[in-house]
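None of these values were measured; they are calculated from a predicted model. Read the numbers this way: they start at 1 and go in the same order the structure lists the ligands and their atoms.
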Amino acid sequence: MPLSNLLFAVGVVVFTSLGCLLLVSCRHRSRINGLRKSGIPMPAGWNWITGHLLILDRTFRHLPRLANLSLVIQELCREFADTEMFILDLWPAFAPAIITFNPESELFISQKYNLPKPSTSLESVKPIVGGPSLLSMNGSEWKIWRSLLNPGFSTASLVEHVPYIVDCVEVFCSKLLENAGNGILSLDDFATKLTFDVIMKVTLDADINYQRSEHILATALSTITNWHSFWDPRVLLNPARPFIQMYYGYIMKNYIGKELEQRFADLKRQHLSSPTSQGTKKAKSIIALALEAFVEETKGKEMLEGAKLDPEFASMVTCQTRLFLLAGNDTTSSTIVYIYHTLSKHPEVLSQLRREHDSIFGLDISQTTTLLKTQSALLNNCRYTLAVIKETLRLYPPATNMRQGLPGVSLTALDGRLLDTGGFHIIINHQATHTNPRVWVRATEFLPERWLVQADHELYPPHGAYRPFDIGPRACIGQALTLNEMRIVLIMTARKFNITPAYEEWDEIQHRAIGWWARIRSGIWGKDINTVNGDRAYQTEKAGTHPSDGYPCRVELVQK
Ligand code: HEM
Ligand SMILES: *[C@@H]1O[C@H](CO)[C@@H](O)[C@H](O)[C@H]1NC(C)=O
Ligand SMILES: *[C@@H]1O[C@H](CO)[C@@H](O)[C@H](O)[C@H]1NC(C)=O
Ligand SMILES: *[C@@H]1O[C@H](CO)[C@@H](O)[C@H](O)[C@H]1NC(C)=O
């Protein structure tokens, strides 16, 4: 009988797959069980079927539903003060991981061994970035691309970008001005649009004015990110997801491809007219500089003579550009919002910040823009401003760091025990490292002075324990750019506006809008948890840890 044969064949396939799965699961779990029995630190409550998944779920229940996974892991870290390191087995949802918040071993991971990026760092951003990028590459491939892209972030380029950033921030200021005294607004939305304008300008030399109008690339990127999750199965298993991401990925690829062709045509024209000249004085975008760096290499010389841009190079640059748009968008914008959040809680810091701006840029605020554009070196004098930014990044780090463990490479826990990293992902929890009470004095307090004291002062930041941008060769390429951008934002806004969170009003409005049934339900089961460590503006799962509910706030003009 053909049908019974078919059923038999299907049966065999299903059983063998199940068998294999069972075998792999058994092998995996018995390894973890072995480690557990030998006393390697891990949360209690591990079991053979679910590993630590239920522990994670239980911890999640003490936190808001949308809290970022890093905050959940930070909660777990509290139990491991004696080792500052533990194993978390979330397999098969996630690779088994070593979580660390031990600064000494983190320097080993990122600097001494410079461990490779795991394959998940490629896969998890692939729908957004389209392929390999600086973030996920390893070894020599990474080295080549890092050196091609470095010129776009050199000190000279950064200086040339300052006037453009100032222009974008002016739009941001005028939007705040229009909304001052006009009810609740989402600062997160304003800041995200600002950073996208900046990143588009510096990477592609595109003036898109996204702060005032829609833009095709922005729509594409945000649709893809909205359909993305690093772990949430409700998003990942949605059958529409791949098609939507593919379609918008195609739009992004097309747009960036066109820009790239344009820059290539510019470069060729320039090469043909005067091959020896060093180009025009105009600030060059990151991709224009990458293109030039590529042409410097042997292969590129022929390319200039040829008619077409090397397709392999073009497709790689497209992915790198998409990475910049991703990496530069959320991290910077959520940090800008958190700076305002901390300032709203520390009026004395805000006053001191304003005094610094008065002393460097003078009392006539209308001169600030011109001064910034013509004397960008003044940025470096704003030491207190930088200290405020650094301290905000300490308490609200917007990015994580993950590496691939290797057999034979061991990490030393605080109690001296060795953990072999083979087969594990290593996750450095920035939140817990940045507030590790063993090494930080007054660890959870917001104290910008830390960044201004001498090395013998007790507040002086401990070595290796501050790593919002990562430490070592793989540290963030955009660090100086983003610090410039944030300083410019503060210098141009801090003396003009008072920004205060409006969560209470916001919650009140939400509560009225949810309807009688939901109100009865919350009356019976209690209100949903909506703070983390008492902070209503907690970091969410939304890419780059945007603050909860988009940071509803009120903006008022400063009365002189
Ligand atoms: C507040 C802002 C930012 C923070 C906190 C931040 C943080 C980080 C961190 C922690 C890493 C290491 C990631 C890992 O190991 O998985 C990283 C890498 C990277 N960041 Fe940023 N970043 C910021 C802004 C930017 C901006 C504005 C850009 C681009 C224009 C950018 C581009 C990159 C790139 C390309 C890498 C990969 C570098 C490499 O592996 O060679 N970042 N960033
Ligand atoms: C980087 O190297 C590690 C270890 O060799 C490997 O497991 C990983 O897949 C590589 N990552 C990528 C993105 O290729
Ligand atoms: C930046 O990221 C946020 C959060 O993912 C997203 O909502 C926003 O649309 C992004 N901006 C752009 C222009 O893609
Ligand atoms: C959660 O926070 C980390 C930084 O701590 C960030 O890298 C990650 O992108 C956030 N999660 C999501 C899904 O964005």
Worksheet item: Does a salt bridge link R212 with D197, judged by any charged N lying under 4.0 Å from a carboxylate O?
Response: no
Discussion item. Tell me the protein heavy atom at minimum distance from atom 28 (C) of ligand 1, and give that distance in Å.
Written reply: G478 CA, 3.8 Å
Discussion item. Heavy-atom distances under 4.0 Å decide this one: backbone, side chain, both or neither, for Q320 against ligand 1?
Written reply: neither
Worksheet item: What part of A399, side chain from CB on, backbone N/CA/C/O, both or neither, has a heavy atom under 4.0 Å from ligand 1?
Response: side chain
Worksheet item: For atom 27 (C) of ligand 1, what is the nearest protein heavy atom, given as residue, atom name and distance?
Response: G328 CA, 3.4 Å
Worksheet, complete the sentence: protein heavy-atom neighbour closest to atom 13 (C) of ligand 2 works out as S136 O, 3.1 Å
Discussion item. Side chains of T342 and E391: any donor to acceptor distance under 3.5 Å?
Written reply: no
Worksheet, complete the sentence: Short version for P468: what comes under 4.0 Å of ligand 1, heavy atoms counted, is backbone
Response to the item:
the protein heavy atom lying closest to atom 37 (C) of ligand 1 turns out to be L135 CD1, 3.9 Å
Worksheet item: So which protein heavy atom does atom 19 (C) of ligand 1 come closest to, and at what separation?
Response: C476 CA, 3.7 Å
Fill in: Between H161 and N484: side-chain donor-acceptor atoms closer than 3.5 Å
no
Discussion item. Which of the numbered atoms in ligand 2 are under 4.0 angstrom from any heavy atom belonging to P116?
Written reply: 1 (C), 2 (O), 3 (C), 4 (C)
Discussion item. Taking 4.0 angstrom as the limit and counting only heavy atoms of L323, give me the atoms of ligand 1 inside it, by number and element.
Written reply: 35 (C)
Worksheet, complete the sentence: Any heavy atom of I199 under 4.0 Å from ligand 1? The part involved is side chain
Worksheet item: Does one side chain, of T385 or E356, offer a donor that lies under 3.5 Å from an acceptor on the other?
Response: yes
Discussion item. If I compare all heavy atoms of V125 with all of S121, which pair ends up nearest, and what's the gap?
Written reply: CG2-O, 3.4 Å
Worksheet item: What protein heavy atom sits nearest atom 9 (O) of ligand 2, and how far off is it?
Response: S119 CB, 3.4 Å
Item to complete: In sequence, state the C-alpha distance, the side-chain angles, and the governing distance for S70 and Q539, and then conclude on side chain to side chain donor-acceptor pair (under 3.5 Å).
Response: CA-CA 9 Å; S70 298; Q539 297 180 301; over 6 Å; no
Worksheet item: Within less than 4.0 angstrom of ligand 1, does F153 place any heavy atom?
Response: yes
Worksheet, complete the sentence: atom 1 (C) of ligand 1 has as its nearest protein heavy atom T335 OG1, 3.6 Å
Worksheet item: Which of these, H425, Q404, K126, has its nearest heavy atom closest to atom 7 (O) of ligand 2?
Response: Q404
Worksheet item: Numbering the atoms of ligand 1 from 1, which are under 4.0 Å from a heavy atom of P398?
Response: 5 (C)
Worksheet item: Starting from atom 11 (C) of ligand 1, which protein heavy atom do you reach first, and at what distance in Å?
Response: F469 O, 4.1 Å
Worksheet entry | Given H52, R31, H28, the one that forms side chain to side chain donor-acceptor pair (under 3.5 Å) with D89 | H28
Worksheet item: For the atom pair OG1 (T100) and CG (L419), what is the distance rounded to the nearest 0.5 Å?
Response: 9.5 Å
Worksheet item: Would one find an N or O of S121, backbone or side chain, under 3.5 Å from an N or O of ligand 2?
Response: no
Response to the item:
So for I286 against ligand 1, with non-hydrogen atoms under 4.0 Å, the contacting part is neither
Practice prompt. Identify, for atom 8 (C) of ligand 2, the protein heavy atom at the shortest distance, and state residue, atom and that distance.
Written response: K117 O, 3.6 Å
Worksheet entry | Heavy-atom side-chain proximity of W91 to R29 below 4.5 angstrom | yes
Worksheet, complete the sentence: Which of Y460, Y384, Y466 passes ring-ring contact (aromatic ring centres under 6.0 Å, His included) with W451? It is Y466
Fill in: 4.0 Å heavy-atom contact, T400 with ligand 1
yes
Practice prompt. Let me know which of Y210, F324, F172 forms a ring-ring contact (aromatic ring centres under 6.0 Å, His included) with F196.
Written response: Y210
Worksheet item: Does T482 approach ligand 1 within less than 4.0 angstrom via side chain, backbone, both or neither, non-hydrogen atoms only?
Response: side chain
Worksheet item: Taking the six-membered ring of F190 as reference, does the NZ or CZ atom of K175 fall below 6.0 Å from its centre and within a 45° cone about the axis?
Response: yes
Worksheet item: Hey, does L393 have a side-chain heavy atom less than 4.5 Å from the side chain of H434?
Response: no
Practice prompt. Considering only non-hydrogen protein atoms, determine which one is nearest to atom 12 (C) of ligand 1 and report residue, atom name and distance to 0.1 Å.
Written response: D470 CB, 3.9 Å
Worksheet item: So, is R146 polar-close to ligand 1, with some N/O to N/O distance under 3.5 Å?
Response: yes
Item to complete: Might you point out which heavy atoms bring A537 and Y338 nearest each other, and give the distance in Å?
Response: O-OH, 2.8 Å
Worksheet entry | Verdict with supporting geometry, L411 and N102, side-chain contact (heavy atoms from CB on, under 4.5 Å) | CA-CA 10 Å; L411 298 176; N102 174 262; over 6 Å; no
Worksheet entry | atom 2 (O) of ligand 2 [closest protein heavy-atom partner, distance rounded to 0.1 Å] | N138 ND2, 2.4 Å
Discussion item. Whether the S110 and R467 side chains hold a donor-acceptor pair (N or O, under 3.5 Å, no angle test) is what I'd like checked.
Written reply: yes
Item to complete: Compute whether any side-chain donor of one residue and acceptor of the other, for T482 and T332, lie under 3.5 angstrom apart.
Response: yes
Response to the item:
protein heavy-atom neighbour closest to atom 34 (C) of ligand 1 works out as I477 CG2, 3.7 Å
Practice prompt. May I ask you to check whether W142 has an N/O atom sitting below 3.5 Å from an N/O atom of ligand 1?
Written response: yes
Practice prompt. Report yes or no: does a heavy atom of R467 sit under 4.0 Å from some atom of ligand 1?
Written response: no
Practice prompt. With atom 14 (C) of ligand 1 as the reference point, say which of R474, K117, K143, E485 has the nearest heavy atom.
Written response: K117
Item to complete: Would you check the N or O atoms of N401, main chain and side chain alike, for any that come under 3.5 Å of an N or O of ligand 1?
Response: yes
